[in-house]
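The figures that follow rest on heavy atoms only: side chains count, while hydrogens, waters and symmetry mates do not.
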Amino acid sequence: LRYPQLRGKPLVIGGRRRTAEDPSRGAAIPTLREYSGRGVITTATYEARALGVHSGMGLMKAAQLAPDALLLPADFDEYRRYSRMFKDAVRTVAPEIEDRGIDEIYIELTDLVMSDFAGDTLDPWGRARDVAASIQGAVFEATGLSCSIGITPNKLLSKIASDLEKPGGLTVLCEADIATRIWPLPARKVNGIGPKASARLEALGIRTIGELAQADRVLLVEHFGKSYGAWLHEAAHGRDERAVVTYTEPKSISRETTFEDDLHPVRDREQLSRIFTGLCVRVADDLQRKGYVGKTIGLKLRYDNFKTVTR
């Protein structure tokens with residue numbers, strides 16, 4: 001939206017400090033090959049992802065994979081503003097939502113869809129699709145952005161389905177579709193199966209969600225424990241009883257930053273103190289704005305060898 005001339009190009013967002021003048025005024029945009037520091041990727045365009053880079057990857061590593069990809073700094077204030085606009089637009093159509101982060105929500109459509117029928121025999125899945133299309137239209141009108149929606153019986157399947165037809169996709173998936181649409185996917189596509197669990201599953205010869213569904217429940221419990229093993233079995237069959245939670249109290253509020261370059265605790269003490277104070281002020285502002293008070297203060301440090309210390 002801000003730089004329409006960059007559409008269709010491999011572009012990475014990351015780093016904290018300004019790495020380019022305003023491109024809308026004709027200034028040159030740096031490439032990843034020009035970057036040096038410890039920043040990480042916040043997000044990347046599909047064109048950049050096709051080159052192997054992804055969110056959370058270090059910018060220096062990304063530069064090895066896609067040296068000619070363009071690099072722009074993150075603008076979290078603007079992201080938060082658009083996040084609010086996006087969620088407000090959804091609420092105008094479907095007010096029952098669960099906030100899952102800056103760009104992700106769950107929406108409960110059951111009451112909204114079923115109230116339209118009043119005993120009629122119309123297809124509720126078709127009505128749900130119409131409502132989802134209205135949500136996409138409302139979001140685009142409010143923000144100029146597209147969004148992908150997965151309509152399924154539960155949150156676990158909706159998370160998977162929303163990724164199937166990006167960008168701007170609208171996927172309707174019933175229980176009868178699990179075997180054909182979900183089971184061929186890699187097991188890691190299930191939210192809750194991370195890299196370590198995926199590697200352990202592969203060691204057992206389980207690579208797809210379908211293979212996981214066919215695995216013996218006893219085997220899964222034996223290798224992954226009673227709770228997680230049982231959950232793996234249920235998740236592979238698309239079962240999820242979690243309700244959409246429209247309100248929760250936060251257990252903690254925090255701010256953190258990644259330095260562009262390593263800072264020494266003695267030589268760079270003044271700079272570290274300034275950054276630390278700034279983080280404290282931002283947390284205090286967050287608490288005041290949301291009407292909370294805190295009683296415990298935590299501190300997390302990560303060193304250049306990636307060792308993390310929490311106090």
Side-chain angles (χ1 to χ4, degrees), residues 1-76 78-79 82-83 86 101-104 140 143-150 159-171 181-182 184-199 201-202 207-209 256-262 302 304 306:
L1 295 176
R2 184 180 288 176
Y3 311 121
Q5 72 274 26
L6 302 182
R7 287 177 183 167
K9 298 182 179 181
L11 172 68
V12 167
I13 304 295
R16 288 287 179 178
R17 66 188 176 203
R18 178 62 58 179
T19 54
E21 298 298 327
D22 188 351
S24 64
R25 299 179 181 178
I29 304 174
T31 61
L32 278 176
R33 71 169 69 249
E34 302 170 55
Y35 178 81
S36 64
R38 302 191 62 84
V40 298
I41 296 177
T42 301
T43 190
T45 62
Y46 288 100
E47 293 80 6
R49 296 179 195 182
L51 301 174
V53 305
H54 56 78
S55 300
M57 177 182 286
L59 287 170
M60 293 293 285
K61 180 177 180 180
Q64 297 174 6
L65 298 172
D68 295 320
L70 301 174
L71 174 63
L72 285 175
D75 187 345
F76 290 105
E78 192 73 349
Y79 303 157
Y82 269 85
S83 178
F86 149 61
I102 199 166
D103 64 348
E104 181 177 312
F140 185 80
T143 67
L145 299 172
S146 65
C147 64
S148 296
I149 299 178
K159 172 71 172 176
I160 298 173
S162 66
D163 284 334
L164 293 181
E165 300 179 29
K166 283 186 174 182
L170 201 170
T171 303
R181 300 291 305 277
I182 300 299
L185 300 174
R188 66 177 181 275
K189 290 294 185 180
V190 176
N191 188 35
I193 299 181
K196 292 182 179 179
S198 181
L201 286 170
E202 286 200 20
R207 293 175 176 80
T208 68
I209 300 175
E256 63 180 45
T257 188
T258 300
F259 305 137
E260 293 286 336
D261 300 292
D262 293 339
R302 176 167 292 172
D304 56 2
F306 292 98

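Using a 4.5 Å cut-off on side-chain heavy atoms (C-beta onward), Leu72 and Leu6 make contact. Annotation: side chain of Leu70 is in contact with side chain of Lys9 (closest heavy-atom distance under 4.5 Å). For the pair Leu185 and Thr208, the minimum side-chain heavy-atom distance is 4.5 Å or more. Considering only heavy atoms from C-beta on, Thr42 comes within 4.5 Å of Phe76 through its side chain.
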Would Asn191 and Ile160 satisfy side-chain contact (heavy atoms from CB on, under 4.5 Å), going step by step from the backbone distance to the final call? CA-CA 8 Å; Asn191 188 35; Ile160 298 173; over 6 Å; no

Can Ile13 and Tyr79 be said to form a side-chain contact (heavy atoms from CB on, under 4.5 Å), step by step? CA-CA 12 Å; Ile13 304 295; Tyr79 303 157; 3.2 Å; yes

side-chain contact (heavy atoms from CB on, under 4.5 Å) for Glu165 and Ile149? Distances and angles first, verdict last. CA-CA 9 Å; Glu165 300 179 29; Ile149 299 178; over 6 Å; no

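For the atom pair Leu32 CG and Leu11 CG, the distance stands at 9.0 Å (nearest 0.5 Å). Rounding to the nearest 0.5 angstrom, the gap separating the CE atom in Met57 from the CD atom in Gln64 is 9.5 Å. Here the CG atom belonging to Asp68 is positioned 9.5 Å from the CD atom belonging to Glu34, to the nearest 0.5 angstrom. Taken from CD1 in Ile193 to CD1 in Ile209, the straight-line distance is 7.0 Å, to the nearest 0.5 Å. Lys166 NZ to Thr171 OG1: the interatomic distance, rounded to the nearest 0.5 Å, is 11.0 Å. Ser83 contributes atom OG, which lies 10.5 Å from atom CG of Leu145 (distance to the nearest 0.5 angstrom).
Scanning all heavy atoms of the two residues, the minimum distance from Leu65 to Leu51 falls at CB-O, 3.8 Å. Nearest heavy-atom pair across Ala62 and Ile41 is CB-CD1, 3.6 Å. Listed here is the closest heavy atom pair of Leu71 and Ile29: O-CG2, 3.6 Å. When every heavy atom of Ala44 is checked against every heavy atom of Val53, the shortest pair comes out as CB-CG2, 4.2 Å. Here the closest heavy-atom approach between residue Ser162 and residue Ser148 is recorded as O-CB, 3.3 Å. For Phe86 against Ile102, the heavy-atom pair with the smallest separation is CD2-O, 4.4 Å.
For the pair Thr45 (side chain) and Arg7 (backbone), a donor-acceptor distance under 3.5 Å is absent.
Residue Phe140 qualifies as open at atom CZ: its count of foreign heavy atoms under 6.0 Å is 12 or below. Other residues, nucleotides and ligands contribute only 12 or fewer heavy atoms inside 6.0 Å of the CZ atom of Arg188.
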